[in-house]
Asks: 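If you scroll down you'll find the structure; I have some questions about it.
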There are 2 protein chains.
Amino acid sequence: MDIQFFQTFLIVAKLGNMTQAAEMLNFTQPTITGQIRTLEQHFGVKLFDRVGKKLYITDAGKKLINYSERLLSVYNEAQEELSIHPESKFRHCNNNG
Amino acid sequence: MDIQFFQTFLIVAKLGNMTQAAEMLNFTQPTITGQIRTLEQHFGVKLFDRVGKKLYITDAGKKLINYSERLLSVYNEAQEELSIHPESKFRHCNNNG
DNA sequence: TACATTTACGCTGCGCGTAATCATG
DNA sequence: CATGATTACGCGCAGCGTAAATGTA
């Protein structure tokens, strides 16, 4: 499981919109769909309810938000401490390091 | 960056031996080398000093042990809470959840 | 019709194993 | 020569983008 997928999930969850998440992350819309689907299949849970165009996060999704934040926080912290020049891909979402 | 690589790193660091790590993780020796190398290149640091056949973990490596443990801990916790039947690939190393 | 997500599909690159090579004791 | 790490190399598949399809307002 790539750490990137958790970042994607966080952005989608917070924006409630895959299109905007795709733009923010410099991916395409179908790629976002695929990444979310990969997470859902991996954990065996549905992360969003798709009602029309709207995304409603599920209870499992809400839980994963917390884990994703912690995961990325640790990852970013590692990058910042180990690397002199971290890639900083996820820093905009690291709000508890 | 795949979460698996952190697990591999932890095992190698604790065993001080890539061959044994490969056996434990059901990978081959060259695969372990590649995964460690990927981590080293990604973070831009050397994780082990190779002196003959011996591996000596570097200061950066020692730091990454801590981050890897925390990362896998969060990941396993997520799996255990979200999935009814987690894959449990990393449970044998999750000692602080 | 406009907009957002999903599906279909081909392609590229990463990561794997096998085999060969290097290096130490 | 035995053992362990690395390098070389080919292959398979995961994940990407483009294009088409589906579904709502």
Asks: Report the distance from atom CD1 of B:Ile32 to atom CZ of B:Phe5, rounding to the nearest 0.5 Å.
Replies: 9.5 Å

Asks: Heavy atoms from C-beta onward define the side chain here; which of C:dA2, C:dG15, D:dA5 lies closest to that of B:Leu55?
Replies: D:dA5

Asks: For the side chain of A:Arg50, counting heavy atoms from C-beta on, which of C:dT6, C:dT18, D:dC16 is nearest?
Replies: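 Selected nucleotide (nearest to the side chain): C:dT6.
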
Asks: Show, in sequence, the C-alpha distance, side-chain angles and deciding distance for A:Lys63 and B:Glu77, and conclude whether the salt bridge (charged side-chain N to carboxylate O under 4.0 Å, His left out) test is met.
Replies: CA-CA 11 Å; A:Lys63 291 177 183 172; B:Glu77 194 183 330; over 6 Å; no

Asks: Can you work out whether A:Thr31 or B:Gln29 has the more 5'-proximal nearest nucleotide on DNA chain D?
Replies: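 By nearest-heavy-atom nucleotide position, the 5'-most residue is B:Gln29.
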
Asks: Between D:dT18, D:dA5, D:dT6, spot the one nearest the side chain of B:Thr19, thanks.
Replies: D:dA5

Asks: Classify A:Ile32 by what it touches in the nucleic acid, base, sugar-phosphate, or nothing, heavy-atom distance under 4.0 Å.
Replies: nothing

Asks: Can you measure A:Lys54 atom NZ to C:dT6 atom P for me and round it to whole angstrom units?
Replies: 14 Å

Asks: Looking only at side chains, do B:Thr19 and B:Glu23 share a donor and an acceptor under 3.5 Å apart?
Replies: no

Asks: From C:dT24, C:dT7, C:dC3, pick the nucleotide closest to the side chain of B:Lys53?
Replies: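 Among C:dT24, C:dT7, C:dC3, the one nearest the side chain of B:Lys53 is C:dT24.
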
Asks: Without decimals, in angstroms, what is the distance between B:Ile11 CD1 and D:dA5 P?
Replies: 15 Å

Asks: Whether A:Gln35 contacts D:dA14 is assessed here as follows: a side-chain N or O lying under 4.0 Å from the phosphate OP1 or OP2. Is that the case?
Replies: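 Negative; the distance criterion is not met.
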
Asks: Whether A:Thr33 contacts C:dT6 is assessed here as follows: a side-chain N or O lying under 4.0 Å from the phosphate OP1 or OP2. Is that the case?
Replies: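 Yes, such a contact exists.
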
Asks: Would you say that B:Leu10 contacts B:Thr8 through its side chain, given a criterion of any heavy-atom pair below 4.5 Å between the two side chains?
Replies: no

Asks: Are any of A:Arg37's side-chain N or O atoms less than 4.0 Å away from OP1 or OP2 of C:dT7?
Replies: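 So the side-chain polar atoms of A:Arg37 do come within 4.0 Å of the phosphate oxygens OP1 or OP2 of C:dT7, strictly under.
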
Asks: Considering only side-chain heavy atoms of B:Thr28, which listed nucleotide, D:dG15, C:dG15, C:dT18, is closest?
Replies: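 Closest nucleotide to the B:Thr28 side chain: C:dT18.
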
Asks: Touch check for B:Phe48, heavy atoms < 4.0 angstrom, all strands: base, sugar-phosphate only, or nothing?
Replies: nothing

Asks: I want to verify a distance call: between C:dC16, C:dT7, D:dC16, whose nearest atom is closest to the B:Phe5 side chain?
Replies: C:dC16

Asks: Keeping B:Thr38 on the side-chain end and B:Gly34 on the backbone end, is there a donor-acceptor pair under 3.5 Å?
Replies: yes

Asks: Tell me what A:Asn17 touches on the nucleic acid: a base, only sugar-phosphate, or nothing, going by heavy atoms under 4.0 Å.
Replies: sugar-phosphate

